[in-house]
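Working notes, beginning with the structure itself.
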Amino acid sequence: MPELPEVETIRSQLEPEIVGNRLVSVEVLDPLWTEPMTPAEVAGICDGGVITALERRGKYLVLALDQGGRLVMHLRMTGNLLISEDEAAQRHLRARLRLEPGPDLSFVDSRRFGRGLAFPDGGSADDYLDARLGVEPFSADFTPEVLTELAAGRLAPLKSFLLRQDRVAGIGNIYADEALHRAGLHPLSPAGSLRGEHSVRLHAGILAALRAGIEFGGASIDDYRDARGEQGTAHDEFLVHLREGEPCPRCGAAVRRTRVAGRSTYFCPRCQRRLRRRRR
Ligand SMILES: [Zn+2]
């Protein structure tokens, strides 16, 4: 599933290509794409607007239009937003954004969990997103102190805590593993066991892991492709994720795999410390 770095890669590729162009029409080929809205409702809000920005919030893409409308898209499991006319991908075409003078964008999605919803103004789109998403990692609001506060009193493992979009937005299974390894923290440590120094390390680990993902154009371990239909190379740079049995790049111990919250979780048993629960 695309996480913050993959979505940010798509956003940064597309924005310079589409800002200033008119969104002539949102053609919805699969009505599931706009649920619980209807394709006509989405078209009614978006069609004809001039694109002023393509923003990202967590794993969402937000297309801003000059008449105030916002098209909020989520790639979910297998969605891709492509500028290319990849014929193989068109088989799973769910929606096409017709732009004038171009280029058209294709939302393709084999498993059909991806969505596109429209809001009449920025405020209503922000309300929708803020109700679902916590602090944005690259914002000034994200600090070690905020991380400690968000985790305080929580018994859930750190890995599960990081997967929750309503705490820190944008982190998924890949970058949670990578962030915890960078921080030297065991994924099964209770979130509420974070102390000041741990939060400082985890905060830095999250930012470094996400930056590495962006730097290498995202990780293509599944269906992820960037806006041009190309694979990213961030998976070649993974420190522990998918590296079971390989040496930890920090200490050389064999990387282990376990399951946390139903997700495969990779960690170094030697240098990722398991914290003990503490009272609030
Ligand atoms: Zn290690």
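For this chain, numbers begin at 1 and follow the sequence in order. Counting starts at 1 for both ligands and their atoms, following the listed order.
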In plain terms, say whether D109 and R76 are close enough for a salt bridge, that is, a side-chain N and a carboxylate O under 4.0 Å apart.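 Here D109 does not pair with R76 in a salt bridge, since their nearest N and O are not under 4.0 Å apart.
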May I ask you to say whether R98 pairs ionically with D104, meaning some side-chain N is under 4.0 Å from a carboxylate O?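 Answer for the salt bridge query: yes.
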So which protein N/O/S atoms does the Zn ion (ligand 1) have within less than 2.8 Å?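 C248 SG, C251 SG, C268 SG, C271 SG, with waters left out.
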T34 side chain near R115 side chain, heavy-atom distance below 4.5 Å: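 No; the side chains remain at least 4.5 Å from each other.
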Once rounded to the nearest 0.5 Å, what's the spacing between atom CZ of F119 and atom CD1 of I45?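 Result: 8.0 Å between the selected atoms.
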Measure the spacing between CG of D177 and OH of Y175 and express it to the nearest 0.5 Å.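 Going from the CG atom of D177 to the OH atom of Y175 covers 11.5 Å.
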With P157 as reference, evaluate L163, L162, L188 under the side-chain contact (heavy atoms from CB on, under 4.5 Å) test and give the passing residue.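 Between P157 and the candidates, side-chain contact (heavy atoms from CB on, under 4.5 Å) is satisfied uniquely by L188.
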